[in-house]
Structures are given as C-alpha cells and as structure tokens.
Protein chains: 2
Amino acid sequence: MAFEEEQKIFNSFVKEKGLKQSKQRDDILLTFLKTEKHLTADELHSLVKKKNSSTGIATVYRTLKLLCECGLSSELRFGDRAVRYEHFYGHEHHDHLVCVKCGNFIEAVDPEIEKLQERLAKKVNFSLQGHKLLMYGVCSKCKK
Amino acid sequence: MAFEEEQKIFNSFVKEKGLKQSKQRDDILLTFLKTEKHLTADELHSLVKKKNSSTGIATVYRTLKLLCECGLSSELRFGDRAVRYEHFYGHEHHDHLVCVKCGNFIEAVDPEIEKLQERLAKKVNFSLQGHKLLMYGVCSKCKK
DNA sequence: GTTGAATTTGATAATCATTATCATAATTAA
DNA sequence: TTAATTATGATAATGATTATCAAATTCAAC
C-alpha cells in the first residue's frame with residue numbers, strides 16, 4: 001500500500017504533540033489521501049462513513065485540523081461557504097483558476113509569478129510564508 | 001459633499017433593476033463610502049446604527065450585496081470567518097499582504113504579476129475576469 | 001395629492017459550517 | 001493490569017448569513 005510516507009509524517013507529528021493514535025484518524029487520513037479532490041469536511045465525512053459508519057463529523061474536523069498543522073493538507077476557499085481541503089505534501093504548489101460559470105477549476109502555476117511575489121513582499125519589508133492566488137474567469141468549455 | 005459619482009452609480013443600478021430607493025440604503029452606502037476600511041457586515045451595521053439606530057442587520061447585508069453587484073464594493077476574506085467588504089470603484093486594484101502575527105495587512109500591487117496572470121490564463125484557455133491574491137507572512141513591525 | 005401595486009424593512013426564525021462540551025471508550029507508558 | 005491521559009461521538013452552542021413575513025415605504029399613474 002502507498003502513503004507510508006504521509007502516514008509516517010502524521011504519526012510522528014501526533015507523537016510529538018503528545019497525542020495518541022487512533023483507528024478513526026487513520027481511516028480519515030487514508031480516505032483523504034486516496035481521494036484526490038478538494039473535499040469539504042462534510043464530503044470527507046460521507047466517504048469515511050462508508051468504511052466505518054460510526055465515525056463522527058467532529059472527529060473529521062479535528063483530524064483535518066491536524067493534517068493542516070503537519071503539512072499534509074491545506075485549507076482552500078473558493079467563492080462558496082465551506083472550507084475545502086487539498087493535498088499539500090508531495091504536491092507541487094499551484095494556484096487555482098476557478099470558472100464562474102461551471103464552478104470547476106484548473107490548477108496551474110507560473111514560476112515567475114511566484115518570484116515576483118517575493119519581490120513585492122521585499123519591497124514592503126514583509127517575510128513571505130505563503131500565498132493563495134485565486135483567478136476567476138470562464139473556462140474553455142464554458143466559452144463555447 | 002463628495003461621493004456624488006458613487007451615489008449616481010448606485011441609484012442608476014437600483015433603478016435599472018426595477019428596485020426602489022430608500023433612506024436606509026442611502027445611509028448604508030454613505031457610511032460605507034466614508035469608512036475607508038475593510039468592514040464586515042456587522043461592523044458596518046454598528047456604524048450605521050449611530051445615525052439611525054433602527055436599521056436592521058438584514059438590510060445591511062442586502063445593501064452590501066447590491067453594492068458588490070454594481071461594482072462599488074468587493075468581497076474579501078482573510079483567514080477568518082466573516083466576509084469583509086472593500087471599496088472597489090475608483091480604487092486601483094491591489095492585492096493583500098496579511099500578517100499572520102498581528103492580523104494587519106498591506107495593500108500592494110505589482111503590474112508584472114497582473115500581466116503574468118493573464119499569460120497563465122491564456123495558456124489554459126481561460127478568460128480571466130478577476131483575481132484575489134492573498135500573501136501571508138510577517139510584517140515589518142512584527143519582525144522586530 | 002391620492003391611490004395602489006410593488007418593493008423594502010426590521011424582527012426573528014432558519015440554515016449552514018464549525019466549534020465546544022461532556023460522558024464514555026480507547027490508548028499507552030509504567 | 002493499571003492508571004492517567006487523550007480520543008470519540010452525540011449533541012448543544014456559536015457565529016455568519018439568509019429566508020420569512022407582516023407592516024411600512026416608495027413611486028408611477030391618475
């Protein structure tokens with residue numbers, strides 16, 4: 001099975017924080033890793049319940065918070081209300097082009113944009129740690 | 001008094017939509033225009049109530065939605081929960097550098113970043129309409 | 001200016017995502 | 001095995017936003 005690396009990261013993190021391992025967190029982590037989508041907590045909860053129907057939504061929220069803390073996931077918010085969680089570890093950083101018609105999105109990155117952000121930050125004496133760039137427009141399918 | 005231009009835009013928009021003018025909406029618009037901050041609906045509501053204490057929060061939300069539709073305002077969301085509303089009309093487009101320590105932010109823009117976004121969009125056949133770029137880091141004050 | 005149809009308003013209920021609470025269950029170091 | 005600590009799930013609480021609805025206001029037509 002894959003994901004050993006991610007599981008190791010998570011388990012080390014949990015141990016280092018003085019927390020304990022649990023079956024539920026393992027299930028949630030694996031389901032998250034297997035699903036290459038930008039899921040909401042609620043959507044992930046539905047998937048996890050297929051394996052273990054007794055898993056509570058609160059535990060899903062708690063675990064997602066841990067996943068973000070240890071660098072396996074990252075929060076993302078398109079226009080809508082709910083936070084979405086995307087894979088972070090082992091994934092190239094990317095920005096998002098969100099279609100205002102169909103709601104789908106494309107992931108893309110321009111290394112020059114990244115560099116220029118650093119330059120902009122330096123200009124205002126800011127230590128840059130990260131960024132979120134959301135571009136809105138109409139995708140190729142919806143243009144037709 | 002200033003803001004004639006903005007008021008004209010709003011009134012034309014309201015009329016065009018078949019809506020009616022109202023004292024409350026005028027108050028909310030003026031308070032919004034006078035306050036050069038990124039306010040939440042709740043914060044704006046507090047300010048408006050100083051003029052007319054009976055103004056309801058629902059009307060503030062309804063009016064802010066109209067202001068966004070007619071291009072006078074734009075929604076923005078930092079890390080926190082509430083949507084913030086910034087001035088849009090007559091303001092240069094800008095991005096935000098948010099300090100993860102103190103929560104303050106700086107507005108800045110790099111014309112080259114803007115251009116490169118257009119190039120990136122073209123590459124994936126996307127018609128760009130707008131974007132939101134949030135950069136996170138530590139501001140100059142908090143670095144000391 | 002009056003009328004009347006349509007819209008607006010404020011109070012409040014409803015909703016939706018998320019967090020807090022708490023009694024019980026599971027984990028883990030000794 | 002024990003004992004202390006953490007995790008869990010159910011559910012209440014919260015906070016932001018939206019929906020509902022009766023009463024008030026607007027405004028075009030007379």
Side-chain angles (χ1 to χ4, degrees), chain A residues 7 10-32 38-70 73-85, chain B residues 7 10-32 38-70 73-85:
Chain A
Q7 287 175 300
F10 184 62
N11 290 337
S12 305
F13 174 77
V14 162
K15 192 162 220 172
E16 213 156 293
K17 268 200 113 181
L19 305 180
K20 294 172 178 174
Q21 282 193 266
S22 84
K23 185 80 181 58
Q24 286 91 331
R25 294 214 267 234
D26 293 347
D27 283 352
I28 292 166
L29 172 58
L30 269 179
T31 306
F32 171 76
H38 296 58
L39 296 171
T40 62
D42 198 58
E43 288 164 354
L44 182 55
H45 183 223
S46 298
L47 292 174
V48 170
K49 277 203 293 188
K50 288 182 185 169
K51 285 267 167 181
N52 183 347
S53 63
S54 71
T55 308
I57 183 79
T59 299
V60 173
Y61 274 106
R62 289 186 280 236
T63 304
L64 281 170
K65 186 162 282 178
L66 293 175
L67 295 186
C68 288
E69 283 180 49
C70 72
S73 180
S74 173
E75 293 190 356
L76 191 62
R77 213 187 268 267
F78 298 137
D80 51 347
R81 212 133 146 194
V83 170
R84 293 186 171 274
Y85 295 86
Chain B
Q7 286 174 301
F10 184 62
N11 291 336
S12 304
F13 174 78
V14 163
K15 192 162 218 171
E16 212 155 293
K17 269 201 114 182
L19 305 179
K20 294 171 178 174
Q21 283 192 265
S22 83
K23 185 80 180 58
Q24 287 89 332
R25 294 215 268 235
D26 293 347
D27 282 351
I28 292 165
L29 172 59
L30 269 180
T31 306
F32 171 76
H38 295 57
L39 296 171
T40 62
D42 198 58
E43 289 164 353
L44 182 56
H45 182 223
S46 298
L47 291 175
V48 171
K49 277 202 295 188
K50 288 182 185 170
K51 283 268 167 176
N52 182 349
S53 63
S54 71
T55 308
I57 183 79
T59 300
V60 174
Y61 274 106
R62 289 185 280 238
T63 304
L64 280 170
K65 186 163 282 178
L66 294 175
L67 295 186
C68 288
E69 283 179 50
C70 73
S73 180
S74 174
E75 294 190 355
L76 190 61
R77 213 186 268 265
F78 297 137
D80 52 347
R81 211 132 147 195
V83 170
R84 293 187 172 275
Y85 295 85

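Quick note on labels: first sequence line is chain A, next is B, and so on, each numbered from 1.
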How many whole angstroms separate atom [atom1] of [X] from atom [atom2] of [N]?
X     : N      : atom1 : atom2 : answer
B:D27 : C:dT8  : CG    : C1'   : 14 Å
B:R25 : D:dT26 : CZ    : P     : 11 Å
A:H45 : C:dT19 : NE2   : C1'   : 15 Å
B:Q24 : D:dT26 : CD    : P     : 8 Å
A:R84 : C:dT18 : CZ    : P     : 10 Å
A:L44 : C:dT18 : CG    : C1'   : 15 Å
A:L64 : C:dA17 : CG    : P     : 14 Å
B:R77 : C:dT18 : CZ    : C1'   : 13 Å

Considering only side-chain heavy atoms of [X], which listed nucleotide, [options], is closest?
X     : options                : value
A:S54 : D:dT8, D:dG9, C:dG10   : D:dG9
B:K65 : D:dG9, C:dA11, D:dT18  : D:dT18
A:A58 : C:dT8, D:dT11, C:dA17  : D:dT11
A:K15 : C:dT28, C:dA29, C:dT18 : C:dA29
B:K20 : C:dA11, C:dA29, C:dT8  : C:dT8
A:R81 : C:dT21, D:dT18, C:dT9  : D:dT18
B:L19 : C:dT7, D:dT11, D:dT20  : C:dT7

For a quick test of reading the model: is some side-chain N or O of [X] closer than 4.0 Å to OP1 or OP2 of [N]?
X     : N      : value
B:Y61 : D:dT17 : yes
A:S22 : D:dT8  : yes
A:R62 : D:dT6  : no

Answer yes or no: is there a donor N or O on one side and an acceptor on the other, between the side chain of B:H45 and the main chain of B:T55, under 3.5 Å?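 Side chain of B:H45 to backbone of B:T55, a donor-acceptor pair under 3.5 Å: yes, one is there.
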Tell me if a side-chain donor or acceptor on B:R25 pairs with a main-chain N or O of B:K20 at a distance below 3.5 Å.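 Side chain of B:R25 to backbone of B:K20, a donor-acceptor pair under 3.5 Å: yes, one is there.
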A:I57 or A:K23, whichever maps to the more 5' nucleotide of DNA chain C: A:I57
The residue among B:V48, B:L67, B:T63 that forms side chain to side chain contact (heavy atoms under 4.5 Å, CB included) with B:F32 is B:L67
Using the closest heavy atom to pick a nucleotide of DNA chain D for each, name whichever of A:V14 or B:Q21 lands nearer the 5' end. A:V14
Where do A:Y85 and A:E75 land on the side-chain contact (heavy atoms from CB on, under 4.5 Å) test, with the steps shown first? CA-CA 5 Å; A:Y85 295 86; A:E75 293 190 356; 3.7 Å; yes
What contact category does B:T55 fall into here, base, sugar-phosphate, or nothing, at under 4.0 angstrom with non-hydrogen atoms?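 Answer is sugar-phosphate: B:T55 comes under 4.0 Å of backbone atoms only.
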Where do B:Q21 and B:V14 come nearest, in terms of heavy atoms and distance?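 Heavy atoms of B:Q21 and B:V14 come nearest at N-CG1, 4.3 Å.
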B:N52 versus B:Q24, side-chain donor and acceptor atoms under 3.5 Å: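 Short answer, no.
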